[in-house]
2 protein chains.
Amino acid sequence: MPKDPVTRNDVAEYAGVSTAVVSYVVNEGPRKVAPETRERVLDAIRALGYRPNATARALRMGTTRTFGLITPDGGNPLFAELAKAIDREAAARGYVVLQTSADGDPVTERAKIAELLTRQVSGLVLVAPTADPSLDDVEVPVIAINRVLPTVSSVRPAYREGARAGVEHLVSHGHRVIGLVIGGAGHPERELGWRDALTAAGLPEGPIARATFSREGGYRAAQTLLSAEPTAIFASSDLQAIGVLRALHEAGVRVPEDVAVAAFDGTPETEYTWPPLTVVRQPVELVAREAVRRLIDGEDAMEALTVPTELILRRSCGC
Amino acid sequence: MPKDPVTRNDVAEYAGVSTAVVSYVVNEGPRKVAPETRERVLDAIRALGYRPNATARALRMGTTRTFGLITPDGGNPLFAELAKAIDREAAARGYVVLQTSADGDPVTERAKIAELLTRQVSGLVLVAPTADPSLDDVEVPVIAINRVLPTVSSVRPAYREGARAGVEHLVSHGHRVIGLVIGGAGHPERELGWRDALTAAGLPEGPIARATFSREGGYRAAQTLLSAEPTAIFASSDLQAIGVLRALHEAGVRVPEDVAVAAFDGTPETEYTWPPLTVVRQPVELVAREAVRRLIDGEDAMEALTVPTELILRRSCGC
DNA sequence: ACCGGTCTGGAAAGCGGTTGCTAGCGTCGG
DNA sequence: CCGACGCTAGCAACCGCTTTCCAGACCGGT
């Protein structure tokens with residue numbers, strides 16, 4: 001039953017005041033309105049069911065109080081968690097989030113960015129963006145998450161240090177052949193961390209398998225890794241680790257007795273795998289909070305912030 | 001380096017035409033523009049890096065081409081998958097999605113709805129909404145997903161029939177004591193389907209455990225269920241089933257040899273549990289497509305559509 | 001009685017687009 | 001040669017809201 005919308009004009013007429021006055025009371029601004037008038041307006045608003053039109057407001061004010069959020073894949077639990085956290089932070093500040101997936105495709109990504117800019121978002125969050133989305137003539141703040149980009153501010157976990165800590169823990173369990181399942185090109189840090197740990201322990205480099213950041217990818221990677229007979233495997237993401245676990249189970253390899261496993265990310269899913277996964281957790285809430293803070297407060301432009309990770313010990317490493 | 005935005009006025013001036021003409025070429029509407037003029041305008045647009053202001057357009061046109069999407073929890077893989085599918089469908093039609101979580105709280109949900117309406121969304125998708133969000137004076141189309149609401153159109157999987165099919169499959173494996181892990185109140189259909197299957201097979205009612213729709217809930221529910229010594233368990237959601245698997249593993253119960261497990265939902269996660277879960281998959285893409293179609297085409301108002309589920313056989317049932 | 005100050009409400013100008021209506025003008029048929 | 005028509009481009013109003021500026025009412029002080 002679509003009645004046509006009630007505008008500020010209707011309210012003004014109903015209350016017997018000018019439209020300006022309605023604005024004054026709605027915004028509770030510095031303008032003073034006589035208490036009696038104010039009540040009349042509020043009554044009118046209630047009676048008519050008036051809802052201010054944020055579009056008009058945005059046009060007039062020059063700000064939509066809306067963020068754009070682009071992830072490579074909304075179905076990925078890590079990004080879903082991130083999106084949720086960003087939404088929470090944004091909502092707390094009166095912002096709202098336009099969320100969309102770019103499927104990891106640079107062309108789609110660029111198109112989505114353009115679309116969001118057209119819609120006058122007040123800020124843009126790019127989660128794990130592709131190489132260079134060309135953000136030169138963008139007039140709103142942009143922040144990249146989990147990847148540093150040449151021209152924009154960024155927030156990301158301490159990939160290298162975190163990976164190193166995870167692998168070092170594996171080393172501390174006595175493992176000498178520690179395999180790595182790593183994502184494609186463009187994300188070298190976790191691999192470096194793994195190397196750091198191995199060389200620091202005086203160990204030879206272990207076997208590496210490259211795979212997409214997916215369960216399927218981890219599954220296949222683990223199968224190839226198995227021939228090198230590692231006693232432990234570090235996966236660069238949860239999803240991959242879950243694939244690794246499956247491959248190990250299918251091969252009759254016991255975890256952690258025969259092969260220990262640890263992974264980067266630490267989404268909730270990892271607490272319920274079998275066995276539960278030891279993970280290097282990236283602090284999603286912290287990243288989200290910092291991203292939103294920067295977008296709104298607009299400070300620290302161009303700075304690349306690294307946030308610490310947390311090693312969570314569970315059964316898959318042998319603890 | 002925030003330059004101030006280039007508007008249609010700048011383009012008009014640069015191209016030496018009126019602002020109206022810019023509109024004509026941008027919209028490729030029915031209005032005819034001389035090819036030469038058109039080229040001049042396009043050049044101006046490129047040269048200036050003009051981006052039409054969707055806010056102004058929305059104000060004038062009375063439509064934002066934006067949907068609002070509210071889920072109980074953006075972190076839940078099922079909802080994340082749904083959101084992704086809705087985004088894809090919407091994007092294909094030139095729409096964009098404002099997504100937010102309501103944490104399953106009616107008050108938050110109402111507040112979010114109000115916020116989205118204020119922002120003039122062109123349609124509202126409520127995923128598994130709470131009981132009655134009071135949508136009387138809403139002047140945009142609303143669609144409820146996975147729950148039928150008194151006054152709005154809805155799309156949901158065939159919960160009862162799907163659950164029945166899942167349980168019947170368990171019965172076909174010879175199981176006689178089939179436990180149920182079910183969500184809280186307000187979602188009776190899957191429970192009814194379970195009952196249907198049992199009575200149709202002439203079996204006595206099996207043990208029931210109620211739990212939240214979470215891994216943790218399923219975990220605890222399974223622990224209480226174990227005392228009834230079921231030989232199979234049907235979980236009303238993936239998340240719960242994953243909790244169930246963990247409880248069984250911890251208790252040293254083998255799946256599927258000692259206890260078979262099946263679940264409703266069928267998110268990708270279930271393909272990589274150990275053992276892989278037999279699931280009644282709800283057709284997320286179909287639901288999303290239908291929801292978006294209804295929102296845009298505005299037909300079938302108030303109709304409650306039920307879409308069929310698909311039984312996917314994997315190892316956890318003994319197949 | 002007059003003046004200045006304070007307080008409240010209204011008129012109106014935009015924000016950046018869209019679009020109905022109109023005007024200029026070249027062309028063509030009569 | 002003249003009038004009509006078709007094509008292209010411009011004017012201007014409007015979408016709903018904010019905000020500046022102004023006007024009037026009322027107060028107290030002189």
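Fair warning: this is a prediction, and the values are worked out from it, not measured in the lab. Just so we're on the same page: letters track the sequence lines, and every chain starts at 1.
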TODO: Take the protein atom CG of B/Asn27 and the nucleotide atom P of C/dT18, then report the distance between them rounded to whole Å.
DONE: 4 Å
Open item on the list: Suppose we call a contact any N or O donor and acceptor under 3.5 Å apart; does that hold for the side chain of B/Arg8 and the base of C/dG17?
Closed with: yes
- [ ] Look at all strands and tell whether A/Val33 reaches a base, only sugar-phosphate, or nothing, counting heavy atoms closer than 4.0 Å.
- [x] sugar-phosphate
- [ ] Decide yes or no for A/Gln120 and A/Val140: does some side-chain heavy atom of the first lie under 4.5 Å from some side-chain heavy atom of the second?
- [x] no
Task: B/Leu59 CG - C/dT19 C1' separation (whole Å) - done: 14 Å
Open item on the list: Please report the distance, rounded to the nearest Å, between CG in A/Asn53 and C1' in D/dC17.
Closed with: 8 Å
Open item on the list: Please report the distance, rounded to the nearest Å, between CE in A/Met61 and P in D/dC17.
Closed with: 13 Å
TODO: Remember a base hit wins even if backbone is also touched, and classify B/Ala20 as base, sugar-phosphate or nothing at under 4.0 Å, heavy atoms.
DONE: base
TODO: Find the distance A/Glu36:CD to C/dG9:C1' and express it as a whole number of Å.
DONE: 13 Å
TODO: Would you please confirm or rule out a distance under 4.0 Å between OP1 or OP2 of C/dG16 and any side-chain N or O of B/Asn9?
DONE: no
- [ ] May I have the distance from B/Tyr24 (atom OH) to C/dC21 (atom P), rounded to whole angstrom?
- [x] 12 Å
- [ ] Could you check whether the rings of A/His187 and A/Phe213 sit parallel, tilted or perpendicular, using 30° and 60° as the cut-offs?
- [x] perpendicular
Open item on the list: Between C1' on D/dG16 and OH on A/Tyr50, what's the gap in Å once rounded to a whole number?
Closed with: 7 Å
- [ ] Determine: side-chain N/O of B/Arg57 to OP1/OP2 of C/dT18, distance under 4.0 Å, yes or no.
- [x] yes
Open item on the list: Counting only heavy atoms from other residues, nucleotides and ligands, does the tally under 6.0 Å from CD of A/Glu115 exceed 12?
Closed with: yes
